[in-house]
Amino acid sequence: MESFGERLHAAIGQRGPLCVGIDPHAALLARWGLPDDVAGLERFARTVVEALADRVAVLKPQSAFFERFGSRGIAILESTIRQSREAGALVLLDVKRGDIGSTMAAYASAYLDPASTLRSDAITVSPYLGVGSLRPAFDLAATSGAGIFVLALTSNPEGASVQHAVAPGGATVAQTVIDEISQLNAGASPLGSFGLVVGATIGRTGHDLSKVNGPLLAPGLGAQGATPDDLRAVFGESLHNVLPSYSREVLSAGPGIAGLRAAVDRVLTDCRTALG
(Lines give C-alpha, C1' and ligand atoms only; values in the text may rest on other atoms or scores of the structure.)
Protein backbone atom coordinates (compact mmCIF):
# COMPACT_ATOMS: atom_id res chain seq x y z
CA MET A 1 0.00 0.00 0.00
CA GLU A 2 1.38 3.37 -1.01
CA SER A 3 1.40 6.07 1.63
CA PHE A 4 -0.32 9.39 1.09
CA GLY A 5 3.08 11.07 0.97
CA GLU A 6 4.15 8.79 -1.86
CA ARG A 7 0.93 9.37 -3.80
CA LEU A 8 1.10 13.12 -3.31
CA HIS A 9 4.73 13.26 -4.42
CA ALA A 10 3.81 11.33 -7.58
CA ALA A 11 0.73 13.47 -8.29
CA ILE A 12 2.70 16.70 -7.99
CA GLY A 13 5.36 15.28 -10.29
CA GLN A 14 2.74 14.38 -12.89
CA ARG A 15 0.30 17.28 -12.58
CA GLY A 16 2.20 20.07 -10.87
CA PRO A 17 2.15 21.66 -7.39
CA LEU A 18 -1.43 22.83 -7.06
CA CYS A 19 -4.44 22.28 -4.81
CA VAL A 20 -7.80 23.77 -5.78
CA GLY A 21 -10.61 24.20 -3.28
CA ILE A 22 -14.21 23.29 -3.98
CA ASP A 23 -15.97 26.00 -1.96
CA PRO A 24 -19.61 26.34 -3.05
CA HIS A 25 -20.55 29.21 -0.76
CA ALA A 26 -23.60 31.35 -1.50
CA ALA A 27 -21.69 34.21 -3.14
CA LEU A 28 -19.95 31.90 -5.62
CA LEU A 29 -23.19 30.09 -6.46
CA ALA A 30 -24.74 33.48 -7.21
CA ARG A 31 -21.73 34.52 -9.30
CA TRP A 32 -22.23 31.38 -11.38
CA GLY A 33 -25.93 32.16 -11.77
CA LEU A 34 -26.90 29.16 -9.65
CA PRO A 35 -29.55 28.96 -6.93
CA ASP A 36 -28.42 28.67 -3.32
CA ASP A 37 -29.94 25.23 -2.92
CA VAL A 38 -29.10 21.56 -3.38
CA ALA A 39 -29.51 21.76 -7.15
CA GLY A 40 -27.06 24.66 -7.33
CA LEU A 41 -24.63 22.87 -5.06
CA GLU A 42 -24.74 19.73 -7.20
CA ARG A 43 -24.24 21.67 -10.44
CA PHE A 44 -21.33 23.64 -8.99
CA ALA A 45 -19.48 20.63 -7.59
CA ARG A 46 -20.06 18.52 -10.70
CA THR A 47 -18.71 21.29 -12.94
CA VAL A 48 -15.54 21.76 -10.91
CA VAL A 49 -14.87 18.02 -10.89
CA GLU A 50 -15.49 17.75 -14.64
CA ALA A 51 -13.18 20.68 -15.35
CA LEU A 52 -10.32 19.96 -12.97
CA ALA A 53 -10.25 16.47 -11.46
CA ASP A 54 -8.26 15.02 -14.34
CA ARG A 55 -5.61 17.75 -14.30
CA VAL A 56 -4.81 19.04 -10.78
CA ALA A 57 -2.91 17.12 -8.14
CA VAL A 58 -5.32 17.83 -5.28
CA LEU A 59 -8.93 18.94 -4.94
CA LYS A 60 -10.02 20.26 -1.55
CA PRO A 61 -13.78 20.26 -0.89
CA GLN A 62 -14.78 22.45 2.05
CA SER A 63 -17.14 20.19 3.97
CA ALA A 64 -19.07 23.02 5.64
CA PHE A 65 -20.50 24.26 2.36
CA PHE A 66 -21.96 20.81 1.72
CA GLU A 67 -23.02 20.16 5.32
CA ARG A 68 -25.22 23.27 5.39
CA PHE A 69 -27.67 21.46 3.09
CA GLY A 70 -28.01 18.51 5.46
CA SER A 71 -28.14 14.92 4.29
CA ARG A 72 -28.66 15.91 0.65
CA GLY A 73 -25.52 18.05 0.78
CA ILE A 74 -23.53 15.21 2.32
CA ALA A 75 -24.71 12.91 -0.48
CA ILE A 76 -23.32 15.40 -3.01
CA LEU A 77 -20.07 15.59 -1.05
CA GLU A 78 -19.79 11.79 -1.19
CA SER A 79 -20.29 11.89 -4.94
CA THR A 80 -17.79 14.73 -5.34
CA ILE A 81 -15.14 12.82 -3.42
CA ARG A 82 -15.74 9.61 -5.36
CA GLN A 83 -15.76 11.24 -8.80
CA SER A 84 -12.66 13.33 -8.04
CA ARG A 85 -10.68 10.29 -6.97
CA GLU A 86 -11.88 8.24 -9.95
CA ALA A 87 -10.54 10.99 -12.25
CA GLY A 88 -7.13 10.78 -10.61
CA ALA A 89 -7.12 13.76 -8.24
CA LEU A 90 -6.21 13.29 -4.61
CA VAL A 91 -8.97 14.56 -2.32
CA LEU A 92 -8.08 16.62 0.74
CA LEU A 93 -11.32 17.03 2.66
CA ASP A 94 -11.26 20.32 4.55
CA VAL A 95 -13.08 19.48 7.79
CA LYS A 96 -10.73 20.86 10.47
CA ARG A 97 -11.89 18.35 13.06
CA GLY A 98 -10.29 18.18 16.48
CA ASP A 99 -11.53 16.34 19.57
CA ILE A 100 -10.47 13.73 22.09
CA GLY A 101 -10.67 9.98 22.55
CA SER A 102 -13.49 8.05 20.94
CA THR A 103 -14.90 11.20 19.32
CA MET A 104 -11.68 11.85 17.43
CA ALA A 105 -11.56 8.18 16.49
CA ALA A 106 -15.09 8.47 15.07
CA TYR A 107 -14.16 11.53 13.02
CA ALA A 108 -11.12 9.70 11.68
CA SER A 109 -13.23 6.67 10.77
CA ALA A 110 -15.79 8.86 8.98
CA TYR A 111 -13.22 10.39 6.65
CA LEU A 112 -10.31 7.96 6.44
CA ASP A 113 -11.70 4.44 6.80
CA PRO A 114 -11.62 2.73 3.37
CA ALA A 115 -15.17 1.48 4.00
CA SER A 116 -16.59 4.98 4.51
CA THR A 117 -18.55 6.70 1.76
CA LEU A 118 -16.75 9.91 2.74
CA ARG A 119 -13.32 8.28 2.53
CA SER A 120 -10.77 10.86 1.37
CA ASP A 121 -7.06 10.77 0.70
CA ALA A 122 -6.41 13.28 3.49
CA ILE A 123 -8.18 15.62 5.91
CA THR A 124 -7.44 18.82 7.78
CA VAL A 125 -7.46 18.75 11.59
CA SER A 126 -7.10 21.25 14.44
CA PRO A 127 -4.47 20.56 17.13
CA TYR A 128 -5.70 22.96 19.76
CA LEU A 129 -6.85 20.28 22.17
CA GLY A 130 -3.23 19.15 22.02
CA VAL A 131 -1.48 17.36 19.17
CA GLY A 132 -1.72 14.13 21.16
CA SER A 133 -5.53 14.29 21.00
CA LEU A 134 -5.20 13.66 17.24
CA ARG A 135 -3.52 10.29 17.74
CA PRO A 136 -6.57 8.28 16.52
CA ALA A 137 -6.43 10.16 13.21
CA PHE A 138 -2.68 9.71 12.89
CA ASP A 139 -2.97 5.98 13.62
CA LEU A 140 -5.78 5.35 11.13
CA ALA A 141 -4.02 7.43 8.48
CA ALA A 142 -0.88 5.36 8.90
CA THR A 143 -2.72 2.04 8.52
CA SER A 144 -5.01 3.15 5.66
CA GLY A 145 -2.47 5.07 3.56
CA ALA A 146 -4.15 8.43 4.20
CA GLY A 147 -2.76 11.85 5.07
CA ILE A 148 -3.36 14.45 7.77
CA PHE A 149 -2.85 18.22 7.48
CA VAL A 150 -2.59 19.92 10.88
CA LEU A 151 -3.31 23.62 11.34
CA ALA A 152 -0.10 25.37 12.36
CA LEU A 153 0.16 28.99 11.18
CA THR A 154 -3.10 30.16 9.67
CA SER A 155 -3.87 33.23 7.57
CA ASN A 156 -6.67 34.63 9.71
CA PRO A 157 -5.52 37.56 11.91
CA GLU A 158 -7.06 36.06 15.05
CA GLY A 159 -4.86 32.98 14.80
CA ALA A 160 -1.64 34.66 15.86
CA SER A 161 -2.84 35.29 19.42
CA VAL A 162 -2.91 31.52 19.99
CA GLN A 163 -0.35 30.22 17.51
CA HIS A 164 2.38 32.73 18.42
CA ALA A 165 1.83 32.38 22.17
CA VAL A 166 4.84 30.96 24.01
CA ALA A 167 4.39 27.44 25.35
CA PRO A 168 6.25 25.91 28.32
CA GLY A 169 9.83 25.40 27.20
CA GLY A 170 10.05 28.67 25.30
CA ALA A 171 8.80 27.67 21.84
CA THR A 172 5.62 29.10 20.39
CA VAL A 173 2.50 26.96 20.30
CA ALA A 174 2.83 26.78 16.51
CA GLN A 175 6.46 25.65 16.72
CA THR A 176 5.45 22.93 19.17
CA VAL A 177 2.87 21.68 16.65
CA ILE A 178 5.44 21.87 13.85
CA ASP A 179 8.00 19.90 15.85
CA GLU A 180 5.55 17.16 16.81
CA ILE A 181 4.47 16.65 13.20
CA SER A 182 8.11 16.62 12.13
CA GLN A 183 8.68 13.66 14.44
CA LEU A 184 5.84 11.72 12.79
CA ASN A 185 7.50 12.16 9.37
CA ALA A 186 11.02 11.24 10.46
CA GLY A 187 12.63 8.88 7.97
CA ALA A 188 9.76 8.96 5.45
CA SER A 189 10.69 9.01 1.77
CA PRO A 190 10.08 10.70 -0.61
CA LEU A 191 7.61 12.66 1.54
CA GLY A 192 5.89 12.12 4.85
CA SER A 193 2.11 11.76 5.03
CA PHE A 194 1.57 14.25 7.86
CA GLY A 195 1.43 17.83 6.67
CA LEU A 196 0.88 21.30 8.04
CA VAL A 197 -1.37 24.18 7.05
CA VAL A 198 0.66 27.38 6.84
CA GLY A 199 -1.02 30.45 5.36
CA ALA A 200 0.64 32.12 2.40
CA THR A 201 -0.24 35.58 3.78
CA ILE A 202 1.66 35.38 7.07
CA GLY A 203 5.09 36.59 5.89
CA ARG A 204 8.24 35.87 7.86
CA THR A 205 7.44 34.63 11.35
CA GLY A 206 10.71 33.03 12.43
CA HIS A 207 9.21 29.54 12.71
CA ASP A 208 11.40 26.63 11.65
CA LEU A 209 9.81 24.33 9.06
CA SER A 210 13.04 22.76 7.89
CA LYS A 211 12.53 19.37 9.59
CA VAL A 212 8.88 18.77 8.71
CA ASN A 213 9.61 16.34 5.83
CA GLY A 214 5.95 16.52 4.89
CA PRO A 215 3.64 18.60 2.68
CA LEU A 216 3.02 22.23 3.56
CA LEU A 217 -0.41 23.35 2.41
CA ALA A 218 -0.38 27.08 1.64
CA PRO A 219 -3.89 28.59 1.46
CA GLY A 220 -4.47 32.30 1.10
CA LEU A 221 -3.28 32.68 -2.49
CA GLY A 222 -5.26 34.75 -4.94
CA ALA A 223 -8.41 36.37 -3.56
CA GLN A 224 -7.05 36.40 0.00
CA GLY A 225 -4.13 38.53 -1.07
CA ALA A 226 -1.03 36.35 -1.30
CA THR A 227 0.88 35.73 -4.52
CA PRO A 228 3.19 32.86 -5.44
CA ASP A 229 6.14 35.20 -4.93
CA ASP A 230 5.18 35.47 -1.24
CA LEU A 231 5.83 31.77 -0.72
CA ARG A 232 9.60 32.17 -0.54
CA ALA A 233 9.32 34.62 2.37
CA VAL A 234 6.98 32.31 4.30
CA PHE A 235 8.65 28.95 3.64
CA GLY A 236 12.30 29.74 2.91
CA GLU A 237 14.35 26.56 2.52
CA SER A 238 11.21 24.41 2.84
CA LEU A 239 9.80 25.75 -0.42
CA HIS A 240 10.21 22.37 -2.12
CA ASN A 241 7.50 20.84 0.10
CA VAL A 242 4.90 23.56 -0.47
CA LEU A 243 1.51 22.75 -1.98
CA PRO A 244 -0.07 26.07 -3.05
CA SER A 245 -3.84 26.21 -2.62
CA TYR A 246 -6.29 28.39 -4.54
CA SER A 247 -10.05 28.63 -4.27
CA ARG A 248 -11.88 31.82 -5.28
CA GLU A 249 -9.16 32.91 -7.73
CA VAL A 250 -9.88 29.79 -9.79
CA LEU A 251 -13.55 29.21 -9.00
CA SER A 252 -14.50 32.77 -9.96
CA ALA A 253 -13.51 31.89 -13.54
CA GLY A 254 -16.55 29.57 -13.78
CA PRO A 255 -19.11 28.43 -14.61
CA GLY A 256 -17.57 27.58 -17.96
CA ILE A 257 -15.24 24.59 -17.97
CA ALA A 258 -12.84 26.33 -20.35
CA GLY A 259 -12.57 29.31 -18.00
CA LEU A 260 -11.84 27.10 -15.00
CA ARG A 261 -9.16 25.21 -16.88
CA ALA A 262 -7.58 28.43 -18.15
CA ALA A 263 -7.47 29.80 -14.60
CA VAL A 264 -5.77 26.62 -13.36
CA ASP A 265 -3.21 26.75 -16.17
CA ARG A 266 -2.39 30.35 -15.27
CA VAL A 267 -1.95 29.88 -11.53
CA LEU A 268 -0.08 26.61 -11.99
CA THR A 269 2.44 28.36 -14.26
CA ASP A 270 2.89 31.05 -11.60
CA CYS A 271 3.38 28.42 -8.90
CA ARG A 272 5.91 26.42 -10.91
CA THR A 273 7.91 29.60 -11.46
CA ALA A 274 7.80 30.64 -7.80
CA LEU A 275 8.69 27.19 -6.49
CA GLY A 276 11.55 26.76 -8.97
Side-chain angles (χ1 to χ4, degrees), residues 5 7-23 25 28 31 48 51-62 84 88-92 94 121-122 124 147 149-157 159-160 163 174 178 190-192 195-210 212-254 258-276:
R7 299 199 310 279
L8 178 61
H9 185 267
I12 291 173
Q14 294 166 2
R15 298 184 173 195
L18 184 63
C19 170
V20 175
I22 304 179
D23 296 358
H25 55 72
L28 263 176
R31 184 184 179 104
V48 175
L52 305 181
D54 65 346
R55 60 186 57 214
V56 301
V58 181
L59 286 175
K60 181 172 66 66
Q62 170 47 259
S84 297
L90 297 177
V91 172
L92 167 56
D94 197 354
D121 294 284
T124 57
F149 284 81
V150 181
L151 302 180
L153 291 160
T154 57
S155 296
N156 63 305
Q163 295 156 16
I178 292 166
L191 188 67
L196 296 169
V197 180
V198 178
T201 62
I202 64 172
R204 299 181 189 276
T205 65
H207 288 83
D208 182 9
L209 297 165
S210 64
V212 175
N213 190 34
L216 301 168
L217 183 73
L221 291 157
Q224 292 183 353
T227 70
D229 290 337
D230 294 321
L231 297 175
R232 187 170 298 278
V234 176
F235 295 98
E237 296 180 359
S238 300
L239 201 62
H240 59 287
N241 285 342
V242 172
L243 178 62
S245 182
Y246 284 83
S247 292
R248 279 176 289 171
E249 181 83 3
V250 170
L251 300 176
S252 294
L260 290 167
R261 289 176 174 173
V264 157
D265 290 344
R266 174 176 52 80
V267 299
L268 181 55
T269 296
D270 293 343
C271 290
R272 288 185 189 274
T273 300
L275 298 179

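Across all their heavy atoms, A51 and L260 have their closest contact at CB-CD1, 3.8 Å. Closest approach of P244 to L221, counting heavy atoms only: CB-CD1, 3.4 Å. Heavy atoms only, all atoms of each residue included: V234 and G199 are closest at CG1-O, 3.8 Å. Residues A223 and E249 come closest through the heavy atom pair N-OE1, 3.7 Å. The minimum heavy-atom distance linking S252 with R31 is given by the pair O-NE, 3.2 Å. Between L153 and A174 the shortest heavy-atom distance is CD2-CB, 3.5 Å.
In this structure a side-chain-to-backbone donor-acceptor pair under 3.5 Å is missing from D121 to L92. S247 places no side-chain N or O within 3.5 Å of a backbone atom of D23 that could act as its donor or acceptor partner.
Here the CG-CG distance, from L191 to N213, works out to 6.5 Å after rounding to the nearest 0.5 Å. Between the OG1 atom in T124 and the CG atom in D94 there is a gap of 4.0 Å [rounded to 0.5 Å]. We find the CZ-CG distance between R261 and D54 to be 5.5 Å, quoted to the nearest 0.5 Å. Atom NE2 of H240 is separated from atom CD1 of I12 by 11.0 Å, given to the nearest 0.5 angstrom. Taking CD of Q14 as the start and CZ of R55 as the end, the distance is 15.0 Å to the nearest 0.5 Å. For the atom pair CZ of R15 and CG of L52, the computed distance is 10.0 Å after rounding to the nearest 0.5 Å.
Taking 4.5 Å as the limit, every side-chain heavy atom of V242 sits out of range of all side-chain heavy atoms of P17.
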Side-chain donor/acceptor pairs under 3.5 Å, residues 262-276, sequence neighbours excluded:
| residue | atom | partner | partner atom | Å |
| --- | --- | --- | --- | --- |
| T269 | OG1 | D265 | O | 2.9 |
| T273 | OG1 | T269 | O | 3.0 |

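Applying the side-chain hydrogen bond (donor to acceptor under 3.5 Å, both in side chains) definition to pairs two or more places apart or across chains, those involving residues 214-235 are T227-D230. The list of side-chain hydrogen bond (donor to acceptor under 3.5 Å, both in side chains) pairs with a residue in residues 196-208, not counting sequence neighbours, reads S155-T201, T172-H207, T205-H207, D208-S210.
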| How far apart are the C-alpha atoms of L196 and L209, what are their side-chain angles, what is the distance that settles it, and do they pass the side-chain contact (heavy atoms from CB on, under 4.5 Å) test? | CA-CA 9 Å; L196 296 169; L209 297 165; 4.1 Å; yes
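Partner of K60 under the side-chain contact (heavy atoms from CB on, under 4.5 Å) criterion, chosen from L217, V20, L243: L217.
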